Amino acid sequence: MSQQENLPFDEEYYQPPYKAVYRESIENAEKFWRKMSEELEWFYPYEKVLDETNAPFYRWFSGGRINISYNALDRNLKSRGNKIAIYWENEKGENIGLTYSQLYNEVNRFAKVLQDLGIKKGDRAVIYLPLMPELPISMLALARLGAIHSIVFSGFSVQALIDRINDAKAKMVITTTHTMRRNKRVELKGIVDQAVEQTPSVENVLVIKRNEEPVMKKKDVLYQDLAKRTGYKKVEVEETSSTDPLFILYTSGTTGKPKGIFHLHGGYGIWTYLTTKWVFDLRDNDVFFNTADIGWITGHSYIVYGPLQAGATVLMYEGVPDYPNPDRWWELVEKYNVTVFYTSPTAIRSLMKYGEDWIKNHDLSTLRILGSVGEPINPEAWRWYYKNIGNSSLPIVDTWWQTETGGIMISATPGLGNYMLKPSANGLPLPGVDADVFTEEGIPTNPREKGYIVIKRPWPGMLAGVWNDPDRYIKTYWSKFQGVYYPGDYAVKDEDGFFFILGRADEVLKIAGHRIGTREIEDILISHPAVAESAVIGIPDPVRGETAVAAVVLKQGYTPSSQLRKELEDYVKKTLGSIVIFGGIYFVSKLPKTRSGKIMRRLVRSVISGQTLGDVSTLEDETSVDELKKVIEEFS
Ligand code: WT7
C-alpha cells in the first residue's frame, strides 16, 4: 500500500503539513472540526461543533450521537476484522493475540454479562485490574452499554479504592485475584474485599478468574461462569450522545481529595483518534508499544481508545522492564516488530543504569518513532534514548499533556510532517491547541521567560468537569486567569514558538511520572496513631524524577526511631498505594508555621533541599526551622 493511500485526511489538509493544518484549525475552527469529525462514524449528526452556552462547561459536538466503543470495534470490523488489535504478553512470555473480530466478540460477551447483572447506561463501574486483556475488554464493554468506567490503577491500595468507589457511587467493581511482579504474587482481590466493606453502592464484584480459584465473598460473581452461560452474542450498542460520560479517572490535586476527571464519548473520542494519527503517525502496518499502565490516562488514550479507533495493532505487556532481565522490552520490540514505542523518562533512567549491552543483542530496526511522557525528560536520558534505542536517527516525540486534556497537546507531529525537534523542548502545539505562557499577572511572557502554560480556547479532548464537584472544576482550571484553561505547569516558550514544560507549579508530586498530591500523603500519615502533624514535599530524585519527603511531628508517648520511620512508610504504601516512594521521613517537634497557623511547606522544602529560606517574615517560630536543619544534618 502506498503511503498516499494510507493518509488519514484528504488533500486539502494533507498537502501542506503541520503549519497549514495548525493555522486552519485556529482561523477556521468550525470548518476544521467538521471536517475532522467525518473520520469517525456517527449514529446521528451533531448540531453544534462547540456549545459554549454553559462555559466553562464547554460541550463538543452537542446534539450528535456517537459511541467510542463502536468506533474502535464495529467500525474497524469491516476493513480490519482479521488484523491483530491487541497483542498481550506477560513476564513469563505467555501471550495471546486478539484480532479486531475476536476482540469484538469478547467485548460483546462481556457486555452481555454486564447487562445481565443490571449494568445500564449511566451506571458507574470501577475496574481494578492489572494489564490483562480483560482490562481493555471490560472498558470497551462498559462503553458499548453507555456505562461509565472508572479504573483504579492496581498500584493503589485500600483507601484509594474506597474513596474512588464512593465518590463515583459505583454499582460494580471488576477485579481479579492477582498479578505477578518479578515472579512474586501481588494480591488484588484481597484489597477489593477490604474496600467493599466500606462502599455501600457496590452491588456486585465481578471476579475474573486467572490461574487460581478465587475465594468468593457474598457480593462476588465469577465472570467465567456467567460468560459460559451467555456465550458469544451480539449486544446492541448504546447510541450514546456525544456529551454522555465515557469514564471518570481520579487524579491528584492540591487537596487531599482526588479529583474525578471525566471525559465524554464525542470530543474525547475524536481527540484521541486524531492525536494518535498526528503524533504517532500510526498506519496499518504499525505495531504500537506503549509501556504505560491502562490505569493511567496514558493507557486509556494511547493503548485503548486512540490506537483502536485508528485501527492499529497495540502491544500490552504485563510486567516490569527489568525482569527477568533488563532487556525485556527490547526482546518484545524485536519479537513483535514494534514500530512505535512510547515510554516515560523514569523508565529510561532506570534502564540506563544496566548499560548498553542489554540492547546490542536485539534487532530494534523496526522502530521508527519514539515517545516520552509523564514528566520532563532530562538531557542525559534523552541522549541515551536517542542514541541507544533510536540509533541516533529516530524522532523522539516528547508529548506534554494531562489526565485533564484527554490527549496530547504539545509535541512534534510526525503524522503531519512535523519532525522538528529541539533539545529539551516538547515542541509545538497540536492543531486546535491555542497555547501560551502567562506571567503571574496574566499577560504573555517574553520569549524564554518562565511562566505558566495556559490554553486559550477549548479543545475537543478537554475534561468535561470534576465528578460531583462543578465548583472545583471552575476553581482549579478556569480561575487563575480569566477565560483560559490553567493546567498548573511552569513553562517557557522560545522565539520560534516551541514550548518547554518545566514541571508542576502546585503541590503535586510526580514520582516516577505518577501524579500524587502532597496533601493526600499527609492525610494518610496523620491517620496513623503515632502522627500528630506532617508536611510533605517533593525532592528531586535521579531516577524517579521526584520522591516524597515528610517532616513528621509525633503524638505524645511516641519516640522517633528508624523502626517507626519504616512503619510509617509501610503504612502509607499499604493504605494509599505502592506508588508513594519516600526520599526521607524526618521527626521534628514542631513544623514551621505562619502566625495564623498555616504550615509553611515552602520553608520545609528550602531546608530539605539546602536552599536559601527567602522571606521568613510570616514565620511564627524560627526555632522550628533550626530544629529541622539540625535533624537533617544529623541524618546525613
Ligand atoms: C502532568 C500530568 C500525560 C499523561 C501522563 C501524565 C507532567 C506530562 C510531560 C512531558 C513534561 C510532563 C506535567 C503534567 N507531564 N507529560 N512530556 N514533559 N511534563 O498525566 O498524571 O495527569 O500528569 O504530567 O506536569 O501537568 P498526569
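Being a predicted model, the structure only gives us computed values, none of them experimental. Order of listing sets the numbers, starting from 1, for every ligand and every atom in it.
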| note | The residue among Asp163, Asp167, Thr403 that forms side chain to side chain donor-acceptor pair (under 3.5 Å) with Tyr250 is Asp167

| field | Main-chain N/O of Thr272 paired with Thr276 side-chain donor or acceptor, under 3.5 Å | value | yes

| In order of chain and number, which residues sit within 4.0 Å of ligand 1 by heavy atom? | Ile297, Thr298, Val373, Gly374, Glu375, Pro376, Asp398, Thr399, Trp400, Trp401, Gln402, Thr403, Asn426, Asp489, Ile501, Arg504, Lys510, Arg515

| said: Checking the side chain of Glu522 only, and the main-chain atoms of Arg519 only, is there a donor and an acceptor separated by less than 3.5 Å? | reply: no

| said: Under the ring-ring contact (aromatic ring centres under 6.0 Å, His included) test against His263, which residue among Trp467, Trp271, Phe247, Tyr305 passes? | reply: Phe247

| remark: Value for CD (Glu404) from OH (Tyr486), rounded to nearest 0.5 Å, stands at 12.0 Å

| said: Does this structure show an ion pair linking Glu375 with Arg504, if we count only N-O contacts that are shorter than 4.0 Å? | reply: no

